[in-house]
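Single-structure report; data block below.
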Protein chains: 2
Amino acid sequence: MSSKPTMRDVARKSGLSIATVSRVINFPGEVPAETAEIVTAAMRYLNYRPNINGRRLKMSQTRTVGVLVPTLANPVFATSVQGIEQEANIEGLTVLLTSSNYDPEREMGAVSALLNNRVDGLILTLANADNNPVVDLLLAEKIPFVLLFNQPERADIAAISVDNAQSAFDITNAMIAKGHRSLAMVAGQFESSDRSRQRYDGFCRALDQAGIEKKHLVQVRFGETDLVEPLRDLLLGPDAVTGIVCSTDMLAIAAISACRAHGLSVPGDVSVGGIDGISVGGLITPKLCSAVQPTQEMGRQALAFLRGLIKGQTNPQSLLLPHHLSDGDSIGLFRGNSPHRSSTRV
Amino acid sequence: MSSKPTMRDVARKSGLSIATVSRVINFPGEVPAETAEIVTAAMRYLNYRPNINGRRLKMSQTRTVGVLVPTLANPVFATSVQGIEQEANIEGLTVLLTSSNYDPEREMGAVSALLNNRVDGLILTLANADNNPVVDLLLAEKIPFVLLFNQPERADIAAISVDNAQSAFDITNAMIAKGHRSLAMVAGQFESSDRSRQRYDGFCRALDQAGIEKKHLVQVRFGETDLVEPLRDLLLGPDAVTGIVCSTDMLAIAAISACRAHGLSVPGDVSVGGIDGISVGGLITPKLCSAVQPTQEMGRQALAFLRGLIKGQTNPQSLLLPHHLSDGDSIGLFRGNSPHRSSTRV
DNA sequence: TTGAAAGCGTTACCAT
DNA sequence: ATGGTAACGCTTTCAA
């Protein structure tokens, strides 16, 4: 017998029927301890492992959830998936992972593959949550799903996120409060990230409210980490900015690196704040560590939420988590002024 | 018909047999274009999606790979999984994701779940690759697997990694070359990471070779990001060190943060170098970006390798990738000396 | 070129 | 308390 043992083999070995073996596995309580022992012994002897695919075919639910994120190379998404995975592990769910690489064109294919696997539900971070064919499909097929990080306009879609516009509004205001009058935003391309656009909206609103007319925007292809050239004019030109609001932490890291490359120290000569996860700004590198907990928690919450939807106990609804602005750590000072708290800064 | 359409429905709708439908899906070439068109139309009309679980049950291979990493909260693992996912996507493979949270006790359970899914093969980062029951199980059941980041002693196990000891040896030597005579290593607990131990070995070898007797080691629980207290004595005590070699980038980030908290500037007052992925040291934050490419590539290679094993075209063997030591970016200077290249430093 | 039918490993109903 | 058996949706051999 070279192939893997099946329930049939276990049944034969234990001299019982395959129905009984199944019972021992699924309803141990409904079987006498003695019988269970015999079956268990046979399973151990044969190194039996239930073939989940047989079960999945038979049952209506697969106890599997599909996850789609832009990329795991961004720690924010990776960390949220870690949270999903942890929670799934506790619940005995299997996680099917896919990524779109920020390409909206690839989302449908990825979700399709997930649906072919008959996942019970999905957790998705989409390029654009509004007017998205994937969302329409899921709605039409009545597949439970939760959007993570997306903030859809429709209220009848489950979504867990921070308030992106508000986050950017707050961090921009904080920089304005520090005296900045010349600010730029560095953001990912809007087609690849509605968060980027929403955050840019918040940035603009803050500037408008402060009566600052000049708005700089530098858009960056996702995955791009070298901002030395893209930021040259912004940093060294005749009307160089004193502060940069970044749409994501990864961009902030890249922006800081570019500042240094241009001979500017950060903070001091220029200020950079990154927005992401459920915190805003924050020490760039330590933040990557300290943001782990809350971001992971978002993932766990997303799965918990999804489970409610799957069981039909919950209705889709939006959940906006509070964001934190760690002022003093994140927000830099005037160009040329540098009495910053270097002791807590990287 | 509330339930999902099956091949049977498509067959009925198109007036053909389910065998023909199957052929259209799997061997479009073996069916007249006209027939194929009829079937395709029926599939579109019914919104048919093949149930992969049916196929999986029938076929011997599932076209699914299982992945086990300590945690996705560490960007190094996350990035490698991203690489795996990308490659899997190209090959049309499904990725099943699990994590052990650095707990050796949980590895067996996770792998077991993966095997119940009848994955074709596995990619694993284990706490300890030697004398690991998971490895024994996989070997016994003849399931193809590739270790990622682990460097097992046995040569007949597929593994893709950098040379951990050599990396640490190199970075330590570089720091010694800069004049450091008082160095500490900050590492994760050895039970949770054989890489940690291997890297510590390299650290010690470098010190021995330089005739430095005093070896400081601070071990940290994984997930710990606050090193302020653990490093206090090391940084402020009577015989404070001038440099710290960190076992991972995440630890280096945390260590730098702790230095700043103690009023030390990094680099300048103290030096910190992190080891990870296929680079050694390196600018801490930019590195998190710049290390993305090579680490992702490791993941892709791991999957490519695994595919070879699954097809039986390759034999298990170890692959040690070259590591890069980005001197001048990574390695700090003497305590108190600070003419460092701040322009390229975060 | 197409179809009938036998499983794949499991669950669960209905008997015994 | 236990067993026989009909699905679940698919692939694939063998016939027609």
Side-chain angles (χ1 to χ4, degrees), chain A residues 1-40 42-43 46-64 92 94 113 115-120, chain B residues 1-40 42-43 46-64 92 94 113 115-120:
Chain A
M1 181 158 39
S2 77
S3 166
K4 299 214 183 311
T6 74
M7 281 182 76
R8 182 170 244 90
D9 299 317
V10 177
R12 201 165 10 230
K13 181 78 195 167
S14 56
L16 290 161
S17 79
I18 128 177
T20 301
V21 176
S22 177
R23 268 183 221 109
V24 171
I25 293 175
N26 297 299
F27 312 96
E30 297 182 12
V31 147
E34 199 174 326
T35 309
E37 186 44 54
I38 295 175
V39 172
T40 312
M43 295 197 301
L46 294 171
N47 267 318
Y48 169 74
R49 284 178 184 285
N51 184 334
I52 286 198
N53 297 311
R55 164 186 312 204
R56 277 206 251 269
L57 184 57
K58 181 69 188 168
M59 316 251 291
S60 47
Q61 62 163 353
T62 56
R63 296 195 61 73
T64 291
T94 300
L115 292 185
N116 290 353
N117 276 280
R118 294 298 188 272
V119 293
D120 291 337
Chain B
M1 182 158 38
S2 76
S3 167
K4 298 212 185 310
T6 72
M7 282 183 80
R8 181 171 244 90
D9 299 316
V10 176
R12 202 168 6 235
K13 181 76 194 168
S14 56
L16 290 161
S17 78
I18 120 178
T20 303
V21 175
S22 175
R23 272 183 217 110
V24 170
I25 293 174
N26 298 299
F27 312 94
E30 297 182 12
V31 148
E34 199 175 327
T35 308
E37 186 44 53
I38 296 174
V39 172
T40 312
M43 295 197 300
L46 294 171
N47 267 320
Y48 170 73
R49 303 184 165 280
N51 184 334
I52 287 197
N53 296 313
R55 165 188 310 205
R56 279 207 250 267
L57 185 55
K58 181 67 189 174
M59 314 251 292
S60 47
Q61 62 165 351
T62 56
R63 297 196 61 73
T64 291
T94 300
L115 292 185
N116 290 353
N117 276 279
R118 296 297 190 271
V119 294
D120 290 338

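Residue numbering restarts at 1 for every chain, and letters A, B, ... go by the order of the sequence lines.
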Sugar-phosphate only, base, or nothing, as touched by A/Asn53 at under 4.0 Å among non-hydrogen atoms: nothing
Along DNA chain C (nearest heavy atom to each residue), the more 5'-positioned of B/Ile18 and B/Met59: B/Ile18
Any B/Thr6 side-chain N or O less than 4.0 Å from OP1/OP2 of D/dG9: no
Whole angstrom value for the distance that separates C1' of C/dG9 from CD1 of A/Ile25: 10 Å
Sugar-phosphate, base or nothing in reach of B/Ile52, heavy atoms under 4.0 Å: nothing
N/O (side chain, A/Ser22) to phosphate O (OP1/OP2, C/dT11) under 4.0 Å: yes
Atom-to-atom span, CG of A/Asn51 to P of C/dC8 - whole angstrom: 12 Å
Residue pair B/Ile25 / B/Tyr48: nearest heavy atoms and the distance that separates them: CD1-CE2, 3.7 Å
Heavy-atom closest contact (B/Ile18 atom, B/Ala11 atom, distance): N-CB, 3.6 Å
Worked verdict on A/Leu16 versus A/Arg23 for side-chain contact (heavy atoms from CB on, under 4.5 Å): CA-CA 11 Å; A/Leu16 290 161; A/Arg23 268 183 221 109; over 6 Å; no
A/Arg49 versus B/Arg118, closest heavy-atom pair with distance: O-NH2, 2.9 Å
A/Asp9 CG to C/dC8 C1', straight-line distance once rounded to whole Å: 13 Å
Sugar-phosphate, base or nothing in reach of B/Thr20, heavy atoms under 4.0 Å: sugar-phosphate
Options C/dT2, D/dG4, C/dG3, nucleotide nearest the side-chain atoms of B/Pro32: C/dT2
Along DNA chain D (nearest heavy atom to each residue), the more 5'-positioned of B/Arg23 and B/Leu57: B/Leu57
A/Thr35 side chain, from C-beta outward: closest of D/dG9, D/dT2, C/dT2: D/dT2
Interatomic distance, A/Lys58 NZ vs D/dA6 P [rounded to whole Å]: 11 Å
Nearest-Å distance for atom pair CE/P, residues B/Met7 and C/dG7: 19 Å
Nucleotide D/dG3, atom C1' - distance to CZ of A/Arg12 in whole Å: 15 Å
Between P of D/dC10 and NZ of B/Lys4, the distance in whole Å: 12 Å
Side chain to side chain donor-acceptor pair (under 3.5 Å), paired with A/Arg56, selected from A/Asn51, A/Thr62, A/Thr64: A/Thr64
Rounded distance (Å) that lies between atom C1' of C/dG9 and atom CG of A/Asn26: 12 Å
